[in-house]
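This report refers to the structure that appears directly beneath it.
No hydrogens, no waters, no symmetry mates; every other heavy atom, side chains included, goes into these values.
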Amino acid sequence: GTFDPDLAEPNDTLATAWDLGTLEGFEELGPFSIHEPGDEDWYQLTPSETGTLDIQVYFEEVGTLANGRSGLPGDGNLDIAVFDADGDQIATSTSSDDNERITIPVVEDEIYYLQVASAAAADAINVYNLTAINDAAPVPFVLDLQSGSDTGRSDTDDITSDVAPVFDIYLDDDRLEEYLNLDLVP
C-alpha cells in the first residue's frame, strides 16, 4: 500500500528540498507522508536566531494488528537526519519507536536540511507532522575576570597580563537550565 504524495513533493533529494523559509520561534507543519517504499522527504530550514534548532517528527508506528492483519510496511518506522549547507550530516535520530527528535546548535541565517525517511532497510511508509523551534542562545549579561587572573594593581580592577585568564560568565539561569536538559549535538 501507499499514501498520496504530500504537498511538498517532489522533495526527494537535498537539491529538491522544500524550503520552509526562515524559522522564527515555533513552527508546526504537516501532514506530510513517506508515501511509498523508498520515498524520502527533504526540507530546507533557515534559523532566524543563533542558538538551537529543535526538530521533532511525529508519527505512529503500526505493526501487526491484534486480528493478525499486517500493519504498515516496516511498521511505519521513520528516521530523521539533519545536514549542513554543504550536505554534511550533522545529526541523526533513529529510535525504534514513535517519533524522532534532534536538537542542534545553529547559526542565524545559515541553511540546514532535514531528511525524513524509512528506518534503515524497513521500506516503511507513514504520515507525519513536524515541528521546528528556533531558540536564541542565552546572552551573557556579565563577564567578570576572576581575581586569581587579575594581575593589575588590585585583584578587582579587571586588568590582566595573564595569557590564559579565567572569567566568570553570567547568563539567565532559566535559559541555562533549558540548555542543560537538551541533548545537544556538537
Side-chain angles (χ1 to χ4, degrees), residues 13-15 17-30 32 40-59 77-117 119-120 128-186:
T13 66
L14 185 140
W18 193 44
D19 188 354
L20 298 177
T22 300
L23 301 175
E24 296 185 16
F26 176 82
E27 302 281 340
E28 186 170 7
L29 303 160
F32 300 111
E40 294 182 7
D41 287 347
W42 287 78
Y43 302 94
Q44 178 178 314
L45 309 113
T46 307
S48 63
E49 301 279 352
T50 293
T52 60
L53 183 58
D54 182 1
I55 300 169
Q56 296 186 59
V57 171
Y58 299 94
F59 59 92
N77 186 19
L78 304 178
D79 289 340
I80 62 174
V82 175
F83 297 78
D84 66 16
D86 295 325
D88 296 322
Q89 190 175 82
I90 298 171
T92 62
S93 180
T94 59
S95 71
S96 59
D97 56 4
D98 296 351
N99 309 325
E100 299 294 343
R101 181 178 189 179
I102 294 173
T103 304
I104 58 167
V106 293
V107 176
E108 174 184 352
D109 295 332
E110 291 293 317
I111 294 173
Y112 298 87
Y113 293 95
L114 169 67
Q115 175 195 39
V116 181
Y128 64 92
N129 290 298
L130 72 88
T131 61
I133 303 171
N134 178 211
D135 278 326
V139 177
F141 57 87
V142 172
L143 180 63
D144 186 37
L145 183 64
Q146 287 188 357
S147 62
S149 293
D150 195 322
T151 60
R153 291 182 184 225
S154 160
D155 64 358
T156 61
D157 63 5
D158 291 336
I159 296 174
T160 189
S161 60
D162 192 333
V163 294
V166 178
F167 292 90
D168 289 321
I169 301 173
Y170 295 90
L171 304 168
D172 179 347
D173 288 336
D174 292 337
R175 291 300 312 276
L176 188 57
E177 265 185 44
E178 179 183 320
Y179 280 78
L180 292 174
N181 291 326
L182 295 176
D183 185 18
L184 291 175
V185 178

* Locate the shortest heavy-atom distance separating Glu49 from Ala136; write the atom from each residue and the value. => OE1-CB, 3.6 Å

* Structure fact -> CZ of Phe83 to CD of Gln44, rounded to nearest 0.5 Å, is 14.0 Å

* Nearest heavy-atom neighbours spanning Ser96 and Asn77 -> CA-ND2, 3.9 Å

* Leu53 and Ile133, any side-chain heavy atoms less than 4.5 Å apart -> no

* Which atoms form the tightest heavy-atom contact between Pro165 and Leu145, and what is the distance? -> CB-CD1, 3.7 Å

* How far apart are the C-alpha atoms of Asp158 and Asp150, what are their side-chain angles, what is the distance that settles it, and do they pass the side-chain contact (heavy atoms from CB on, under 4.5 Å) test? -> CA-CA 6 Å; Asp158 291 336; Asp150 195 322; 4.1 Å; yes

* Asked: Closest approach of Ala119 and Asp79, non-hydrogen atoms and distance?
  -> CA-OD2, 3.2 Å

* Would Asp41 and Tyr128 count as having a side-chain donor-acceptor pair, cut-off 3.5 Å? -> yes

* Can you find a side-chain donor-acceptor pair between Asp97 and Ser95 that sits under 3.5 Å? -> yes

* Asked: Could you give the distance from CD1 (Ile159) to OG (Ser149), rounded to the nearest 0.5 Å?
  -> 14.0 Å

* Are any of the side-chain heavy atoms of Ile55 and Leu45 separated by less than 4.5 Å? -> yes

* To do: Kindly compute the distance separating CD1 (Ile169) from CG (Leu143), expressed to the nearest 0.5 Å.
  => 5.5 Å

* To do: For Val116 and Tyr43, run side-chain contact (heavy atoms from CB on, under 4.5 Å): C-alpha distance rounded to whole Å, both residues' side-chain angles, the deciding distance at 0.1 Å, then the answer.
  => CA-CA 9 Å; Val116 181; Tyr43 302 94; 4.2 Å; yes

* Tell me, do Leu130 and Phe32 make a side-chain contact under 4.5 Å, heavy atoms counted? -> yes

* Given side chains that start at C-beta, do those of Phe59 and Glu100 come closer than 4.5 Å, heavy atoms only? -> yes

* Structure fact -> Closest non-hydrogen atoms of Glu108 and Thr50, given as atom of the first, atom of the second and distance, are N-OG1, 2.9 Å

* Can you tell me how far CG of Asp168 sits from OG of Ser147, rounded to the nearest 0.5 angstrom? -> 9.0 Å

* Side chains of Tyr112 and Val106: does their closest heavy-atom pair fall under 4.5 Å? -> yes

* Pair Gln115-Glu40, side-chain donor/acceptor within less than 3.5 Å -> yes

* Distance, nearest 0.5 Å, that separates CG of Asp135 from OG1 of Thr52 -> 4.5 Å

* Criterion side-chain contact (heavy atoms from CB on, under 4.5 Å) on Ile102 and Ile80, from CA distance to verdict -> CA-CA 8 Å; Ile102 294 173; Ile80 62 174; 3.7 Å; yes

* Asked: Taking all non-hydrogen atoms of both residues, which atom of Ser48 and which atom of Thr22 are closest, and how far apart?
  -> CB-CG2, 3.6 Å

* Mind checking side-chain contact (heavy atoms from CB on, under 4.5 Å) for Asp88 and listing every partner two or more places apart, or none if nothing turns up? => Asp84, Asp86

* **Glu24 and Asn134 side chains, donor-acceptor separation under 3.5 Å** => no

* **Residues Thr94 and Thr92: side-chain donor-acceptor under 3.5 angstrom** => no

* Checking side-chain contact (heavy atoms from CB on, under 4.5 Å) for the pair Gln56/Asn99: CA distance, chi angles, key distance, verdict? -> CA-CA 7 Å; Gln56 296 186 59; Asn99 309 325; over 6 Å; no

* Beyond-backbone contact of Leu20 with Glu27, side-chain heavy atoms, under 4.5 angstrom -> no

